[in-house]
Amino acid sequence: MSQPVQPPNQPQQPYGGQPADGNPYAGGPGAPAPAAPTGNPYGDQPPAPTGNPYGGQPPAPTGNPFGNPQGQPAPFGGAPFAPAPPARNGLALGVLVALGAAIVASILYGVILGSIEREIGYAAVGVGFLVGFAAGKLGGANPVTIAASAVFSVGAVYFGQLIGYAMVMADVAQVSFSEVFLDHFDAVTRVWKEDADFMRYLFLALGAIAAIGGAKKAN
C-alpha cells in the first residue's frame, strides 16, 4: 500500500515569527499589532517643580524701602514732625517773680548801705540783675516781664537806699529801725531828697539797665 506523500516542510520564519520583509518589529501572521505607548514616557522622573522656584528665600520687601525699621515716620514721609515745646510765656508768673525778687533785693541792698554807710554802684547793678534774671528765668522773654523787672529794679534800689538811710538815722538817734522807718518815713524821704545827687540817680538807672540785661541773659 502506498502512503501519501507528506508535503515539504514550510520554511521557518527568521527571528521567531517575524516576517521576512525586513521589519524586525512586525508581528507574524495573525499576531496582533503592538499597542501604541500611553502615559508619561518619563514617568520614572520626578515631577516638574511648581510654584515659586525660590520658595526658600524670604519674600521681596514691599512698601517704602527707605522707611524707618523701628516703625517711626520717615524724615521725608507724610507724618508731621514732632511739635516744638511751647515757649515760656508766663506773664503773670514773671511779674510776680520780679516783684518778689525786688523786695528781697531791696532789703539786702539797704542792709549793706546801712552797715557800711555808703553807696556802692556794683550793689545797685547786682540788685537789677537779680530781679531781671529771676523774672526772665521763670517768666520767659516777654517784653512786659522785662519792662516790669526794670521798673521793679528802680524801686528796689530806691527803697534799699531808704532802708540804708533809716538804719543810719536810727543808729544816730539811738532808736529802733522800725520806729524810724515806719513812724518817720516822711523824714527819711526828705533826707534822701536833700542828699540826692547825680550819682544817686545814676544808681537807679544802672539797676534798670542791669534788670534788662539779666532778663535777656536768662533766655
Side-chain angles (χ1 to χ4, degrees), residues 80-219:
F81 290 98
R88 293 176 302 168
N89 194 21
L91 177 59
L93 179 61
V95 173
L96 291 177
V97 170
L99 179 60
I103 295 174
V104 175
S106 65
I107 295 174
L108 295 177
Y109 182 56
V111 171
I112 294 174
L113 295 183
S115 299
I116 64 177
E117 297 184 2
R118 57 177 299 183
E119 293 184 77
I120 303 176
Y122 293 109
V125 173
V127 169
F129 185 85
L130 175 63
V131 175
F133 186 84
K137 194 69 175 178
L138 298 178
N142 193 297
V144 178
T145 303
I146 297 176
S149 63
V151 173
F152 291 152
S153 296
V154 174
V157 174
Y158 172 70
F159 278 101
Q161 293 174 352
L162 294 180
I163 291 174
Y165 268 85
M167 289 179 63
V168 174
M169 293 171 65
D171 186 54
V172 173
Q174 298 295 320
V175 295
S176 63
F177 167 79
S178 60
E179 182 179 352
V180 175
F181 192 79
L182 298 178
D183 298 340
H184 302 283
F185 186 76
D186 55 342
V188 176
T189 57
R190 185 175 63 252
V191 173
W192 183 89
K193 291 179 181 179
E194 292 175 356
D195 292 345
D197 55 3
F198 173 77
M199 294 300 298
R200 186 72 53 79
Y201 293 103
L202 178 61
F203 292 157
L204 297 177
L206 289 177
I209 295 174
I212 297 175
K216 293 182 178 180
K217 186 70 175 179
N219 296 277

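Any value given below was found using the heavy atoms of this structure, including those in side chains, with hydrogens, waters and symmetry copies removed.
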How are the rings of Phe185 and Phe181 set to each other: parallel, tilted or perpendicular (split at 30° and 60°)? perpendicular
Where do Thr189 and Tyr158 land on the side-chain contact (heavy atoms from CB on, under 4.5 Å) test, with the steps shown first? CA-CA 10 Å; Thr189 57; Tyr158 172 70; 3.9 Å; yes
Minimum heavy-atom separation for Phe133 and Ala218, please, with both atom names. O-CB, 3.6 Å
Measure the CD-CE distance between Glu179 and Met169 for me, rounded to the nearest 0.5 Å. 11.0 Å
Testing the basics here: between Ala156 and Ala102, what is the closest heavy-atom pair and its distance to 0.1 Å? CB-O, 3.4 Å
Looking at every heavy atom in both Ala105 and Val127, which two are closest together, and how far apart are they? CB-CG1, 3.7 Å
What I'd like to find out is whether the side chain of Ile103 reaches to under 4.5 Å of the side chain of Phe159, using heavy atoms alone. no
Distance, nearest 0.5 Å, that separates CZ of Phe203 from CD1 of Ile120: 9.0 Å
Let me confirm one number: the OG1-CG distance from Thr145 to Leu138, rounded to the nearest 0.5 Å. 10.5 Å
Check whether any side-chain heavy atom of Leu113 lies under 4.5 Å from a side-chain heavy atom of Tyr165, and answer yes or no. no
The single option from Leu93, Val95, Leu91 that satisfies side-chain contact (heavy atoms from CB on, under 4.5 Å) with Asn142 is Leu91
CG on Leu182 to OG on Ser176, rounded to 0.5 Å: 8.5 Å
Would you name the heavy atoms of Ala101 and Ala134 that are closest together and state the gap between them? CB-CB, 4.2 Å
